[in-house]
**Q** 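Take this structure, written in structure tokens, and hold onto it; I'll ask about it next.
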Amino acid sequence: MDAAVLHEYLPLYAKAALLTIRLGLLGVLLSILTGLFCAAVQYLKIPLLRIIVRVYIELSRNTPLLIQLFFIYYGLPKIGIRTDPAVCGVAGLTFLGGSYMAEAFRSGLEAIPPIQEESALSLGMTRIQAAVHVILPQALSVSVPAFVANVIFLLKETSVFSAVSLMDLMFTAKDLIGLYYDTTEALFLLVVFYLLMLLPVSILGSIVEKKVRYAGFGT
Amino acid sequence: MRRTKWFAISFLAALGVTLAGCGQVSAGSAAQAAETTDDQGSKAVYRTLDEIKSDGTVNIGVFSDKNPFGYVDENGAYQGYDVYFAERIGQDLGVKINYVSTEAANRVEYLETGKVDIVLANFTVTKERAEKVDFALPYMNVALGVVSPDSRVITDLSEITADDEVIVISGTTAETYLTENNPEIKLQKYDTYANAKNAIENGNGVAWANDNTEVIAFALQNPGYTVGIPSLGSQDTIAPAVSKGNTTLLDWINDEIRALADEQFFHKDYEATLVDTYGLDYEESLVLEGGGAAATAAP
């Protein structure tokens with residue numbers, strides 16, 4: 001391993017990490033919104049919309065991100081919809097993440113026994129009050145572990161962005177290997193940067209998990 | 001909290017072990033690395049000519065998406081100028097061929113890790129690459145070229161503005177050339193030929209820089225595109241490559257290329273694989289017989 005090479009590569013990796021974080025976090029944020037929406041539709045059993053959401057979730061969960069990106073970036077322009085690589089990356093991540101988040105939230109909502117809502121209603125709360133004060137706090141707390149796992153999963157999935165010419169960490173490493181053949185240095189930095197990026201998320205996640213896991217009996 | 005701390009500590013420990021391991025690899029002597037057959041990170045791991053013959057199979061790295069040089073046809077069989085030569089190598093070695101599909105950027109790695117014995121993937125000979133792999137005698141000429149849509153034909157690199165992006169494939173000589181000589185040009189990098197082709201067709205970049213053979217073929221096959229810059233940079237050659245230090249295999253390939261000159265093998269190869277794309281006009285300028293004897297005859 002050559003320290004000079006590592007030093008020379010650092011700015012390129014920093015730039016790539018920034019791009020990965022920027023697109024990754026944006027994708028995660030939009031995934032959460034999509035997920036919340038889908039979970040709400042399913043929980044409230046809104047007709048028609050519920051079926052559309054179900055189809056979307058199955059379609060999104062059972063196709064790899066790479067295929068979704070290919071479809072958005074190389075397929076859609078054939079019918080006149082051209083997207084910028086960054087937009088495509090975020091759109092792909094949201095499409096994939098939305099369903100994972102929806103399932104995480106849904107599992108939380110379903111973990112709360114119906115008797116809780118019934119009890120709240122019998123105490124004179126409205127359905128909305130019951131949802132806001134009784135159901136949602138517990139449901140969110142139950143879904144936190146799955147939620148944190150999804151965030152890490154989505155950030156890691158950015159490694160297939162190279163397919164749409166985004167210079168993320170993975171592609172930067174591959175590209176440098178192709179240009180200068182310093183394989184050891186390039187791969188070492190790749191591992192280090194992914195760790196630097198994901199380890200804090202992971203640690204933060206477990207702290208949040210401990211703070212909000214108050215739902216359920218006996219705790 | 002305590003658990004988190006333990007995780008962090010064990011993590012750092014694991015990282016340290018990895019670091020130490022990496023240091024050892026680069027410090028290990030090249031001679032020792034060449035002898036060993038384990039594929040754990042050592043630099044040049046290869047099989048000698050005798051080992052390949054006794055095994056009965058040779059692993060050859062080719063492109064699977066670079067028509068007409070190395071591609072997979074509708075029946076799933078490998079075809080093209082490089083593959084035609086690979087078939088002959090297999091035949092003359094008396095072994096079966098296992099084709100390994102490669103991307104431009106991992107050709108060197110595949111040889112360094114012993115994943116393939118020979119790379120026959122339109123591999124342009126460059127000084128940087130020659131430090132990592134051993135090139136045999138060349139069998140084709142090549143330069144760089146730039147293709148762009150008819151609506152805005154780029155005939156000189158100076159026409160490319162700061163807002164424009166030029167499509168290149170990661171790990172190609174075009175990428176290296178533009179990175180070194182025209183760092184002001186914004187590059188849009190793709191990992192495979194198929195993706196780059198799709199990108200230029202979708203109008204994601206103003207032009208595509210690549211081997212001129214490839215861009216000429218693209219313009220001939222796709223109406224609406226013109227090769228505005230047919231020759232950029234230096235005239236280079238394309239040659240088979242083997243892992244660094246694999247002299248027995250290298251010598252055999254060199255002897256083979258010299259011997260094939262007698263039957264004008266690469267002219268036959270051209271006529272079998274490239275003539276549909278390029279016509280006969282490019283035959284003398286592209287084909288090299290016997291590792292360069294024909295080079296002087298090129299127009």
Side-chain angles (χ1 to χ4, degrees), chain A residues 1-3 5-6 12 66 69-70 72-85 88 160-168 170-189 191-192 195-196 198-200 202-211, chain B residues 1 3-5 7-8 11-12 14-15 18-27 41-43 103-109 111-113 126 128-133 165 167-173 175-177 179-180 187-192 194-199 201-205:
Chain A
M1 199 124 60
D2 188 342
V5 173
L6 292 179
L12 289 168
L66 187 61
L69 288 176
F70 263 63
I72 299 172
Y73 193 69
Y74 298 107
L76 289 184
K78 310 279 183 214
I79 55 162
I81 307 170
R82 195 155 92 223
T83 46
D84 170 83
C88 169
V160 303
F161 278 2
S162 60
V164 295
S165 87
L166 282 170
M167 293 307 284
D168 75 317
M170 185 67 205
F171 198 19
T172 299
K174 271 173 76 176
D175 192 47
L176 286 171
I177 292 170
L179 275 172
Y180 308 113
Y181 311 111
D182 297 313
T183 315
T184 318
E185 289 83 355
L187 291 180
F188 172 74
L189 281 176
V191 175
V192 169
L195 276 181
L196 283 178
L198 292 171
L199 217 51
S202 185
I203 292 169
L204 196 73
S206 48
I207 293 171
V208 170
E209 215 175 284
K210 287 205 182 69
K211 288 249 185 296
Chain B
M1 273 323 275
R3 206 169 357 136
T4 316
K5 201 155 84 191
F7 271 136
F11 228 104
L12 286 175
L15 200 65
T18 319
L19 251 167
C22 292
Q24 268 165 13
V25 170
S26 54
S42 39
K43 277 286 170 188
E103 287 172 11
N106 57 27
R107 287 175 295 193
V108 168
E109 256 180 292
L111 285 172
E112 284 186 337
T113 54
T126 67
E128 294 83 10
R129 288 171 178 168
E131 284 170 14
K132 305 285 178 178
V133 302
E165 290 192 8
I167 294 169
V168 293
I169 297 163
S170 176
T172 57
T173 43
E175 184 194 20
T176 314
Y177 179 84
T179 306
E180 281 170 6
L187 300 179
Q188 197 178 94
K189 300 176 182 183
Y190 289 89
D191 49 1
T192 64
N195 288 353
K197 274 182 187 165
N198 250 318
E201 280 172 12
N202 289 341
N204 289 320

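A quick note: this is a predicted structure, and the numbers were derived from the prediction, not measured.
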**Q** Report the distance from atom CG of A:Leu179 to atom NZ of B:Lys189, rounding to the nearest 0.5 Å.
**A**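 So the CG of A:Leu179 and the NZ of B:Lys189 are separated by 5.5 Å.
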**Q** What option among B:Glu175, B:Glu103, B:Glu128 has the most heavy-atom pairs under 4.5 Å with chain A?
**A**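 Option with the greatest count: B:Glu175.
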**Q** In terms of heavy-atom proximity below 4.5 Å to chain B, should A:Tyr180 be classed as side chain, backbone, both, or neither?
**A**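 Looking at A:Tyr180, backbone and side chain both touch chain B.
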**Q** Considering non-hydrogen atoms only, spot the tightest contact between B:Gln188 and A:Ser165 and give its length.
**A**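 Reported closest heavy-atom pair: CG-OG, 3.5 Å.
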**Q** Is B:Glu109 in contact with chain A via its backbone, its side chain, both, or neither, using a 4.5 Å heavy-atom distance?
**A**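 The side chain, not the backbone.
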**Q** What heavy-atom pair brings B:Ala105 and A:Ile177 nearest, and what distance separates the two atoms?
**A**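 Heavy atoms of B:Ala105 and A:Ile177 come nearest at O-CG2, 4.5 Å.
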**Q** Using every non-hydrogen atom in the two residues, find where B:Asn202 and A:Arg82 come nearest and quote the distance to one decimal.
**A**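 Of all heavy-atom pairs spanning B:Asn202 and A:Arg82, the closest is O-CD, 3.1 Å.
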**Q** Is it the backbone or the side chain of B:Thr173 that comes under 4.5 Å from a heavy atom of chain A, or both, or neither?
**A**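 Contact with chain A: none, neither part.
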**Q** At a 4.5 Å cut-off on heavy atoms, which part of B:Glu201 comes close to chain A: side chain, backbone, both, or neither?
**A**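 Contact with chain A involves the side chain of B:Glu201 alone.
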**Q** Please report the closest heavy-atom contact between A:Asp175 and B:Gly171, naming both atoms and the distance.
**A**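 Smallest heavy-atom distance, with atoms named: OD1-N, 4.2 Å.
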**Q** By a 4.5 Å heavy-atom criterion (distance strictly below it), what part of A:Tyr73 contacts chain B: side chain, backbone, both, or neither?
**A**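 For A:Tyr73, backbone and side chain are both near chain B.
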**Q** Heavy-atom distance under 4.5 Å to chain A: side chain of B:Arg129, backbone, both or neither?
**A**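 Contact with chain A is through both the backbone and side chain of B:Arg129.
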**Q** Write down the atom of B:Ser170, the atom of A:Phe171, and the distance for their closest heavy-atom approach.
**A**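 Minimum heavy-atom separation between B:Ser170 and A:Phe171: CB-CE1, 3.7 Å.
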**Q** Do A:Lys78 and B:Asn198 make a side-chain contact, defined as non-hydrogen atoms from C-beta onward lying under 4.5 Å apart?
**A**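 A side-chain contact under 4.5 Å exists here.
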**Q** Report yes or no: do B:Asn106 and A:Lys174 form a side-chain donor-acceptor pair below 3.5 Å?
**A**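 Not at all, the side chains of B:Asn106 and A:Lys174 share no donor-acceptor pair under 3.5 Å.
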**Q** List the atom of A:Tyr74, the atom of B:Asn195, and the distance in Å for their closest heavy-atom pair.
**A**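 Here A:Tyr74 and B:Asn195 meet closest at OH-CB, 3.2 Å.
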**Q** Roughly how far apart are A:Met170 CE and B:Asp191 CG, rounded to 0.5 Å?
**A**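 The distance works out to 9.5 Å.
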